[in-house]
Amino acid sequence: MPARPARSRTNVKTMRRTVTLALFIALVLGGGTLIGLMTLPGQWYAGLAKPPFNPPNWIFAPAWTLLYILVAVAGWRTWQRGPRGGAMAVWFIQLALNFSWSPVFFGAHRPGAALVIVVALLATILAFIVMRWPRDRVAALCFTPYAAWVAFATLLNGAIWFLN
């Protein structure tokens with residue numbers, strides 16, 4: 001049987017990479033959206049005392065959409081380089097922590113427990129950045145706005161917990 005042309009192998013590899021990226025985006029953006037819809041802030045959150053730096057509610061959906069895409073890209077790039085490596089494990093841990101925050105904060109009405117989760121989330125985000133920086137700066141840089149937003153969210157969560 002003749003060898004397949006190099007062009008065909010390249011197309012298959014490109015197709016696999018594209019499908020994998022789409023799956024990462026679907027997992028992160030789809031999962032985050034689903035959890036967000038299942039744990040809408042509602043009356044309980046509206047009635048909480050909030051600090052003066054609390055942003056308007058409309059900012060959260062566009063901010064998280066962009067951040068989730070960046071998180072997906074970083075995960076996809078890391079998966080391409082080492083699906084069983086430590087950085088990939090940290091990526092999955094941060095995703096689990098991220099997805100658990102809303103059900104605890106908005107669903108269970110437990111801002112103190114949510115604060116513990118968001119602090120752990122921030123630590124895993126920073127660990128991922130440190131781990132990826134020497135090997136894949138693009139993946140690390142994809143996580144820097146995420147780190148900034150989660151640092152702010154940690155401050156906000158802590159303030160809400162303190163005020164209530």
Side-chain angles (χ1 to χ4, degrees), residues 19-79 83-133 136 138-164:
V19 168
T20 304
L21 175 59
L23 290 172
F24 267 88
I25 291 171
L27 169 67
V28 179
L29 187 57
T33 300
L34 181 63
I35 289 167
L37 291 172
M38 290 172 45
T39 57
L40 292 171
Q43 288 302 105
W44 171 80
Y45 181 73
L48 292 176
K50 296 176 195 75
F53 57 86
N54 190 67
N57 288 341
W58 65 265
I59 199 77
F60 291 98
W64 275 112
T65 299
L66 175 61
L67 292 170
Y68 279 146
I69 291 169
L70 292 171
V71 167
V73 169
W76 169 73
R77 289 180 63 88
T78 303
W79 181 268
R84 291 179 182 84
M88 199 71 240
V90 170
W91 185 89
F92 278 113
I93 291 167
Q94 69 74 32
L95 190 64
L97 289 166
N98 181 304
F99 284 178
S100 68
W101 185 87
S102 285
V104 171
F105 188 92
F106 293 117
H109 304 165
R110 303 281 313 270
L115 182 59
V116 171
I117 292 168
V118 78
V119 167
L121 173 60
L122 183 57
T124 59
I125 292 168
L126 295 174
F128 181 86
I129 292 169
V130 168
M131 292 172 84
R132 297 314 300 154
W133 189 260
D136 185 358
V138 172
L141 289 170
C142 283
F143 260 47
T144 56
Y146 182 38
W149 182 262
V150 171
F152 174 73
T154 303
L155 179 64
L156 182 60
N157 188 157
I160 290 171
W161 175 68
F162 179 76
L163 292 170
N164 293 278

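In this structure the side chain of N157 reaches within 4.5 angstrom of the side chain of W101, judged on heavy atoms. Using a 4.5 Å cut-off on side-chain heavy atoms (C-beta onward), Y45 and I160 make contact. Contact of the S100 side chain with the L121 side chain is not registered, since no non-hydrogen atoms from C-beta on lie closer than 4.5 Å.
Atom NE2 of residue H109 and atom CG of residue N164 lie 12.0 Å apart, to the nearest 0.5 angstrom. Once rounded to the nearest 0.5 Å, the distance linking NZ of K50 with CG of L156 reads 9.0 Å. Put simply, CD on Q43 and CG on L48 are 11.0 Å apart, with the number rounded to the nearest 0.5 Å. With rounding to the nearest 0.5 Å, the separation of CG in L122 from CD1 in I125 is 6.0 Å. Here L29 contributes atom CG and L34 contributes atom CG; the two are 11.0 Å apart, rounded to the nearest 0.5 Å. Once rounded to the nearest 0.5 Å, the distance linking CZ of F128 with OH of Y146 reads 10.0 Å.
Here salt bridge (Lys or Arg N to Asp or Glu O under 4.0 Å) pairs that include residues 61-79, with residues two or more places apart or in two chains, are R77-D136. Every pair tested for salt bridge (Lys or Arg N to Asp or Glu O under 4.0 Å) that includes a residue from residues 95-120 fails, sequence neighbours excluded, so the list is empty.
In plain terms, the two heavy atoms of A139 and T78 that are nearest each other are CB-OG1, 4.1 Å. Of all the heavy atoms in F24 and M88, the pair that sits closest is CE2-CE, 3.9 Å. The minimum heavy-atom distance linking A127 with V90 is given by the pair CB-CG1, 4.3 Å. Considering every non-hydrogen atom in both L27 and F99, the closest pair reads O-CZ, 3.8 Å. For the residue pair L163 and P51, the shortest heavy atom distance occurs at CD1-N, 3.5 Å. Taking both residues in full, the closest heavy atoms of F106 and P41 are given as CD2-CA, 3.6 Å, listed atom of the first, atom of the second, then distance.
No more than 12 heavy atoms of other residues, nucleotides or ligands sit less than 6.0 Å from atom CH2 of W161.
In terms of modelled atom types and a separation under 3.5 Å, the side chain of T33 and the main chain of G30 share no donor-acceptor contact.
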Let me check something: any side-chain donor-acceptor pairs from residues 59-73 under 3.5 Å, sequence neighbours excluded? List them with distances.
| unit_1 | atom_1 | unit_2 | atom_2 | d |
| --- | --- | --- | --- | --- |
| T65 | OG1 | A61 | O | 2.8 |
| Y68 | OH | N98 | OD1 | 2.7 |

Evaluate the criterion side chain to side chain contact (heavy atoms under 4.5 Å, CB included) for residue pair V28 and W91; output intermediate values, then yes/no.
CA-CA 11 Å; V28 179; W91 185 89; 3.6 Å; yes
